[in-house]
Every structure is written in structure tokens, then in C-alpha cells.
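See structure below.
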Amino acid sequence: MTIRLLHQTDLFRPYIDPDDHWDLACVYALAASGQLELGGVLVDFPPDHYPGRSPDVTGIAQLSYLTGLPTHMAVGSSVPYTHDRASLNALPKRDRAGAEFLLNYLRDSEEPAYISIVGSCRDLAVAAKLEPDLFRNKCAGIYLNAGTGHPDVAKQGHKEYNVVLNAAAYAATFDIPCPIYWMPCYETILDDPLEEKGQRFGTYYRFKQSDVLPKLSSGLQSYFTYSLEARTDARYLQPLLAPQSDVSSWFTIHAYRYMWCTAGFFHMVSQAVDKAGKIIAGSNADDAVFGFRPVHIKCDLNGVTTWTNAGAESNRFLFEVKDPDSYASAMTVAMATLLGTIQ
């Protein structure tokens, strides 16, 4: 069975947070190594509160060149999702393009296919509202990277960024009739990100870029440098053909990168990561630093999410860190291994 993935992301140039460029590279690495088929990349419409951004078509093109994998991409809606069906039907063609991109991807898949959400849920919610039966029949699962996962709502903290982008769309995602792999970005959002490590129901981890970048091919290093230095030169191919090292740059060596989505990519291809960072078969769950548990989930219109444990019959799953002490280091090693496959 071919594993197919459509990757939705808030990937911009200049970046808002370059974790999205790392996530996209992981997706391309899995596709280039034959572990999945990349059905497309859907990029959010730039948010108003970060002016001057555009969907990063160049970053997608760079990875496409490095891996030899052409891909389709689309830009999402500029209009927030609402539950009003008439408003959805009145959307201009350009604001329906992201939802139609998702729907066509599912229609064209011979077997059920996956969707990863690492930004806004806006276009996903529109698509599911328009054709829920297509998701019921053709969507193998949605990996939803958003929200806070503490079982006590009072301890979740303020709303997570991806939820704030369109809370109604985030809430609507939990009503979609297909498996949902919920990956809360945090268990509890704290004022100091350094205090957020070691949380059980949150995907957050961080790594120092100097622990990964020197291990990558020169072309992939140039892809990251091009993004991290927020270059806007449209001649994206030249840096890859004649890479110049800037390892002394603060952006590459001294910066820490905050990450959230990596575990979902491994899980999608039936893999896990052990305490040493070795990529293992998903059947070795006892050795894994992360896993998913079946749950019941409720989410109100404001994006406040609650959950309780469920039995094996549930098709809603919650991400869980099984070894908080090893999780960050293990995910860093595993990601470096995966990205090392792009030459």
C-alpha cells in the first residue's frame, strides 16, 4: 500500500518561524527515500499580523530540485472559516483553491491518503464542510499539529498560535469523519519556552542547529541558509548549485530551533524513535519515546479542547511523550538521520 501525503503548512518568505522549512525538508526526505508519495503542498495565505510575507514557493522549488521530485502546490484562503455554508459557497475561486486542492487530492488517491496540518486548519475545514463523505471514504488520517493537551483545561494556558489563526476551523477539524491524530504543540503554554520541556501531552522540543546542519549535504545546508537568512532573491537555484558555507553565522550555528511536528511524520510511515534516536519499526512501541493513545475529544467554537481516554474503537488519537528525559535528544538525532538521506 502506497502511503500518500498532502502537507499543509504556514511556510513563508521571509519566514515567521523556520520550523516549517525543517518540517518540509523531513516530508521531502521521506518522499525521496520512497517511504511515502507526496501528493502536494498547501501553503496558508499570509496572516495580516505578519505583513510582507508570501507563500514560500522558492523553498518548495529548492527541495523539489534537490530530491528530483516535482510536486503540486496551492495557496490557501484569505477568508477565515465560518460554519455558515452560504458564506463558504460564496467564496471567490481563489479562496476556494486550497479546499479544492485538498478535495482533488483525495479524489485522485486510489487508496485512503493522509493529510498533515502544521499551520491553519482553514482550508481543511472548508473542504470537509463541502464534502464530508470524501473524507469518510478516502482520508486515512489527519495529523493535526495544534492546540494544548493538558487534561485540565485550566492548566492549558493561553491559546496556541495555530488555533488562534482560525479557532472555528480548528474546532471543526475534530468533527471530520476520519481518523484524527492530534498532536498538541504544548501540554501547557508557559511564559518561558525553556520551561516547556518534559511535558507529556505536547510535541514541543528544541535543538541547536549546529548539532544537525554540519551533518547534512551542502545543497541541503544551502536550502536552510537561504531560508534562515530570510533571503528574498528569486534566483533560488544558484545557491544550491554553488553552495557557500556560512557556518560561522549565528543563524546556522548558534541558534536554537523550536520544533513540534517531527514525530507525526515518522508515525505516518509506521516508524518510531527509541531513546538513542534510532528510527525503529512502529511495532517496537515499548522502546519508543513517543506514541499515540485512543481518546475522546471535544472542542468548543473558541478552540478550547478537552479529552478523555477511550477504547480501541476510537478513531481519535492523542500524542504522548513516553520518555520526557530522552525525547528532545532522540528526535534531534532521528531527524538528522532522516535529513541525511537528501544528497
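Numbering of residues begins at 1 and proceeds along the displayed sequence.
Remark: Arg235 engages Asp233 in a salt bridge (Lys or Arg N to Asp or Glu O under 4.0 Å) (not counting sequence neighbours). Every residue was checked against the side chain to side chain donor-acceptor pair (under 3.5 Å) condition with Ser314, not counting sequence neighbours, and none meets it. Scanning for salt bridge (Lys or Arg N to Asp or Glu O under 4.0 Å) contacts around Arg94 gives an empty result, with sequence neighbours left out. Among residues two or more places apart in sequence or in another chain, the salt bridge (Lys or Arg N to Asp or Glu O under 4.0 Å) test is passed with Lys275 by Asp323. Scanning for side-chain contact (heavy atoms from CB on, under 4.5 Å) contacts around Gln343 gives Ser217, with sequence neighbours left out. Partners of Ser329 by side-chain contact (heavy atoms from CB on, under 4.5 Å), not counting sequence neighbours: none found. For Arg53, there are no salt bridge (Lys or Arg N to Asp or Glu O under 4.0 Å) partners two or more places apart in sequence or in a different chain. Taking Tyr205 as the reference, Thr262 meet the side chain to side chain donor-acceptor pair (under 3.5 Å) condition, with sequence neighbours excluded.
Among residue pairs with one or both ends in residues 41-51, those qualifying as side chain to side chain donor-acceptor pair (under 3.5 Å) are Gln8-Asp44, His49-Tyr161; sequence neighbours excluded. The list of side chain to side chain donor-acceptor pair (under 3.5 Å) pairs with a residue in residues 60-72, not counting sequence neighbours, is empty. Legend: salt bridge (charged side-chain N to carboxylate O under 4.0 Å, His left out) pairs involving residues 290-302, not counting sequence neighbours, sorted by first then second residue: Arg293-Glu320.
Glu187 and Arg200 are not joined by a salt bridge, as no carboxylate oxygen comes within less than 4.0 angstrom of a charged side-chain nitrogen. Looking at Asp133 and Arg136, a side-chain N of the basic residue comes within less than 4.0 Å of a carboxylate O on the acidic one, giving a salt bridge. By the 4.0 Å N-to-carboxylate-O rule, Arg107 lies close enough to Glu131 to be salt-bridged with it.
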Side chains of residues 168-179: which donor-acceptor partners sit under 3.5 Å, not counting sequence neighbours?
| residue | atom | partner | partner atom | Å |
| --- | --- | --- | --- | --- |
| Tyr170 | OH | Trp182 | NE1 | 3.3 |
| Tyr170 | OH | Thr305 | OG1 | 2.9 |
| Thr173 | OG1 | Ala169 | O | 2.9 |

